[in-house]
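Reading through the structure tokens given below for one structure.
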Amino acid sequence: MCPTTTIGLDERIEKCEKILSVNQDSLIFAALSDSYRKKGNLVKAFHICCRGLKMHPEYGPGHMVMAKINLERGMYGEAERELLLSIQADGKARATELLQAQILIKKGQIQDARLIMEKLKLTDSEKQVLQEMLQNLAPEEEADKSCFEDMAISEFWQV
């Protein structure tokens, strides 16, 4: 992580913590959790977000942050569940669809992820992120195919 990014996150964390210390009921918990997530402190991010979501169970951005935290923790089913709660609260958006594609990739559902990204690419003026994600899918698809082929061959010989 770039030092200037870390400094910016540290300042944001400090401001958010100050607000939260004055008002424990503040919605700033989502921004604070996301900042800790970006710094790599997933445990602290998770606990802050859990506490905030207990007070604000219908807060879509909080569920979105929790989905990202769970994705980075490798808890893909939980990430998907939190993403659905975010969508229920605030509706589908470009950010939710992009996160859904990322979750699907991690779950190995490459074709489903590709469909979402291709759809987003049609309506996106900033295609760089999507283009990079789509390019990165090619090696994963090949790895999935070769793994499947290896499994099919080994199953054939066990018969």
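Computation of the quantities below employed the complete heavy-atom set of this structure, encompassing side-chain atoms and omitting hydrogens, waters and symmetry-equivalent molecules.
What you find for Val65 and Ala30 is that their closest heavy atoms are CG2-O, 3.7 Å. The two residues Tyr36 and Ala45 come nearest to each other via the heavy atoms CB-CB, 3.9 Å. The two atoms that bring Ser86 and Gly60 nearest to each other are OG-O, 3.2 Å, heavy atoms only. When all heavy atoms of Ala101 and Ile116 are compared, the pair lying nearest together is CB-CG2, 4.1 Å. Here the closest non-hydrogen pair linking Asp90 and Pro61 is OD2-CD, 3.2 Å. What you find for Cys49 and Ile69 is that their closest heavy atoms are CB-CD1, 4.1 Å.
The closest donor-acceptor contact from the side chain of Ser26 to the backbone of Asn23 lies at 3.5 Å or more, if one exists at all. Side-chain N or O atoms of His63 include none that pairs as donor or acceptor with a backbone N or O of Ala89 at under 3.5 Å. Here the side chain of Thr96 pairs no donor or acceptor atom with the backbone of Lys92 at under 3.5 angstrom.
With no hydrogens or angles considered, a side-chain donor-acceptor pair links Asp25 and His56 at under 3.5 Å.
Separation of atoms CD (Glu11) and OG (Ser35) is listed at 11.0 Å; rounding is to 0.5 Å. Of the inter-residue distances, the one linking His47 atom NE2 with Asn41 atom CG reads 9.5 Å to the nearest 0.5 angstrom. Note that the CD1 atom of Ile87 and the CD atom of Gln100 stand 6.0 Å from one another [nearest 0.5 Å]. Taken from CE in Met75 to CD in Glu82, the straight-line distance is 9.5 Å, to the nearest 0.5 Å. A distance of 12.5 Å separates CZ of Arg37 from CG of Leu32, quoted to the nearest 0.5 Å. The CE atom of Met66 sits 13.0 Å away from atom CG of Leu71, with the distance rounded to the nearest 0.5 Å.
At most 12 non-hydrogen atoms from other residues, nucleotides or ligands lie less than 6.0 angstrom from CD of Glu14. The environment of Glu58 atom CD is sparse: at most 12 non-hydrogen atoms of other residues, nucleotides or ligands sit within 6.0 angstrom.
The hydrophobic clustering, which links ILVMFWY residues whose side-chain heavy atoms are closer than 4.5 Å, places Leu20 and Ile13 together. When hydrophobic clusters are built by joining Ile, Leu, Val, Met, Phe, Trp and Tyr residues whose side-chain heavy atoms come closer than 4.5 Å, directly or via intermediates, Ile19 is grouped together with Leu53. In the hydrophobic cluster analysis, where Ile, Leu, Val, Met, Phe, Trp and Tyr join through side-chain heavy atoms closer than 4.5 angstrom, Ile28 is grouped together with Ile48. If you chain together hydrophobic residues whose side chains sit under 4.5 Å apart, Leu83 and Leu42 never meet in one group.
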Exercise. What do the steps show when you test Lys39 against Asp10 for side chain to side chain contact (heavy atoms under 4.5 Å, CB included), and what is the final call?
Worked result: CA-CA 9 Å; Lys39 276 193 76 169; Asp10 289 339; 2.5 Å; yes

Exercise. Step by step, would you call Asp34 with Arg12 a salt bridge (charged side-chain N to carboxylate O under 4.0 Å, His left out)?
Worked result: CA-CA 10 Å; Asp34 200 40; Arg12 184 173 184 175; 5.5 Å; no

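A cation-pi arrangement is found for Arg73 relative to Phe46, the charged atom lying closer than 6.0 Å to the ring centre and inside a 45° cone about the ring normal.
Using a 4.5 Å heavy-atom cutoff, the side chains of Met117 and Ile105 are in contact. Proximity of Tyr76 to Asn70: side-chain heavy atoms (C-beta onward) are nowhere separated by under 4.5 Å. You'll find the side chain of Leu104 stays beyond 4.5 Å of the side chain of Ile110, heavy atoms only.
Here Glu80 pairs with Lys107 in a salt bridge; the nearest charged N to carboxylate O distance falls below 4.0 Å. One finds no salt bridge joining Arg94 and Glu97 here, because no Lys/Arg side-chain nitrogen approaches an Asp/Glu carboxylate oxygen to under 4.0 Å.
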